[in-house]
Amino acid sequence: MPWITCKDLQKEYRSGTQSQMALNHVDFSLEQGEYVAIVGKSGSGKSTLMNMLGLIDTPTGGSIIWNGEQVLRYPERKKTQLRNQMIGYVFQAFYLEPSYTVYQNIEIPLLIAGYGTAERRSRILSALEEVGLSGKVRQRADSLSGGEKQRISIARCILKDAPIVILDEATASVDTDNESYIQEAINELVKGKTLLVIAHRLNTIRQADQILVISDGRISEQGTHDELMAKAGIYQDFVNIRKKASGWSLA
């Protein structure tokens, strides 16, 4: 039995009398320790799918099954507990409290999530060292660059040490100086984890165990890089043009 299975997953958004299907009958499964890349043009439904898998949002139809259990039937408190224990997130955009130091921006969310305090300080400092921010512990969050803020997000995820890591590809929109720090930190973060990545770059996508190509809220293609390249489809077009196309980046 697969570790996580999505069956007939649907998400409908309504505005007045208008409605739009962001996810439309999505089915797939993944195994523990698998690396899954999700690709598609802007607005195709990638982030919506990630929010469903991460239990951040609730689908309007279908089911998500973890180890044989329908987690969408859990009460909200249990879903929150499952999310806190099992999932780490690194998104391209996230909120930092500008009046807090770098250290506090990592420490306070961990305290709110109920993490113990015995080794908190040494572990946070160690995580900051891993992402190249140990010298900025006293600096205010509003003086950090976008890349440095991304490294704080990774440090939080390292400390959480959850078995599932969800990434909105963290190096896609940062400067070159920060990219090497971030990539090294991510390589350390994902060891032994189940990895779900909204992927924008070919060198990230081609390493995946499974690639999901999302188009208009559906999985239009699914397979490994080599399998999808053997088809005359969206993914092959994406790779062959070797430049920005339909909101995807190959850099």
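Please read all numbers here as calculations on a predicted model, not as lab measurements. Along the sequence shown, residues carry numbers from 1.
Taking both residues in full, the closest heavy atoms of Gly33 and Thr194 are given as N-OG1, 2.7 Å, listed atom of the first, atom of the second, then distance. For the residue pair Lys46 and Lys41, the shortest heavy atom distance occurs at NZ-O, 3.2 Å. The two residues Lys7 and Asp27 make their nearest non-hydrogen contact at CA-OD1, 3.3 Å. Of all non-hydrogen atoms in Gly88 and Lys160, the two that sit nearest each other are CA-CD, 4.3 Å. Taking all atoms of both residues into account, the shortest heavy-atom contact from Asp209 to Thr224 is O-CG2, 3.5 Å. In plain terms, the two heavy atoms of Lys11 and Thr58 that are nearest each other are NZ-O, 2.8 Å.
Using a 4.5 Å heavy-atom cutoff, the side chains of Val239 and His225 are in contact. Counting only heavy atoms from C-beta outward, the side chains of Leu133 and Ile152 approach each other to under 4.5 Å. Residues Leu82 and Leu55 are in side-chain contact: their nearest non-hydrogen atoms beyond the backbone lie under 4.5 Å apart. Looking only at side-chain heavy atoms (C-beta outward), Thr60 and Tyr13 stay at 4.5 Å or farther from each other. Leu228 is not listed as a side-chain neighbour of Asp226, based on a closest heavy-atom distance of 4.5 Å or more. Inter-residue side-chain proximity for Ile164 and Lys193 is flagged as unmet; no heavy-atom pair is nearer than 4.5 Å.
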**Request:** Mind running side-chain contact (heavy atoms from CB on, under 4.5 Å) on Val71 and Lys78 for me, showing each step along the way?
**Result:** CA-CA 9 Å; Val71 297; Lys78 188 172 181 179; over 6 Å; no

**Asked** Between Phe91 and Ile166, is a side-chain contact (heavy atoms from CB on, under 4.5 Å) present by the stated rule, with each step listed?
**Response** CA-CA 8 Å; Phe91 295 127; Ile166 293 179; 4.3 Å; yes

**Request:** Given side-chain contact (heavy atoms from CB on, under 4.5 Å), test Asn24 with Asp216 step by step and report yes or no.
**Result:** CA-CA 8 Å; Asn24 202 343; Asp216 296 325; over 6 Å; no

**Residue pair Ile219, Val213: steps toward the side-chain contact (heavy atoms from CB on, under 4.5 Å) verdict** = CA-CA 6 Å; Ile219 297 178; Val213 182; over 6 Å; no

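A donor-acceptor pair under 3.5 Å is absent between the side-chain atoms of Gln18 and the main chain of Ser15, judged by distance alone. With Gln236 contributing its side chain and Met229 its backbone, the two residues share a donor-acceptor pair below 3.5 Å. At distances below 3.5 Å, not a single donor-acceptor pair connects side-chain atoms of Ser220 with backbone N or O atoms of Ile214. Judged purely by atom type and a 3.5 angstrom limit, Glu221 uses its side chain to pair as donor or acceptor with the backbone of Ile234.
Tracing side-chain contacts under 4.5 Å through hydrophobic residues (I, L, V, M, F, W, Y), one never reaches Ile65 starting from Tyr74; they form parts of separate clusters. Placement of Leu96 and Leu159 within a single hydrophobic cluster is found when ILVMFWY residues are connected by side-chain heavy-atom separations under 4.5 Å, directly or transitively. Cluster membership for Leu23 and Met21, using ILVMFWY side-chain heavy atoms within less than 4.5 angstrom, is not shared. Follow the hydrophobic side-chain contacts under 4.5 Å out from Tyr35 and you reach Ile158 in the same cluster.
Atom NZ of Lys79 has more than 12 neighbouring heavy atoms from other residues, nucleotides or ligands inside a 6.0 Å radius. Taking a 6.0 Å sphere around CG of Asp8, one finds it holds more than 12 heavy atoms contributed by other residues, nucleotides or ligands. By the 6.0 Å contact criterion, CD on Glu31 is enclosed, its count of non-hydrogen atoms from other residues, nucleotides or ligands being greater than 12.
Counting only N and O atoms by type, the side chains of Gln222 and Gln210 include a donor and acceptor under 3.5 Å apart. Between the side chains of Ser19 and Glu12, at least one donor N or O lies within less than 3.5 Å of an accepting N or O.
Atom CE of Met50 sits about 8.0 Å away from atom OG of Ser47, to the nearest 0.5 Å. Remark: Arg218 CZ to Leu9 CG distance equals 12.5 Å, nearest 0.5 Å. With rounding to the nearest 0.5 Å, the separation of NZ in Lys191 from CG in Leu195 is 14.0 Å. Separating the CE atom in Met52 from the CG atom in Leu72 is a distance of 9.0 Å, to the nearest 0.5 Å. Here the straight-line distance linking atom CZ of Phe238 with atom CD1 of Ile205 works out to 3.5 Å at 0.5 Å rounding. In this structure, the separation between CD on Gln10 and OG on Ser63 is 10.5 Å, given to the nearest 0.5 Å.
For the side chain to side chain contact (heavy atoms under 4.5 Å, CB included) with Leu196, the qualifying choice from Val165, Leu49, Leu212, Leu53 is Leu53, the only one to do so.
A cation-pi arrangement is not found for Lys231 relative to Tyr235, the charged atom failing to lie both closer than 6.0 Å to the ring centre and inside a 45° cone about the ring normal.
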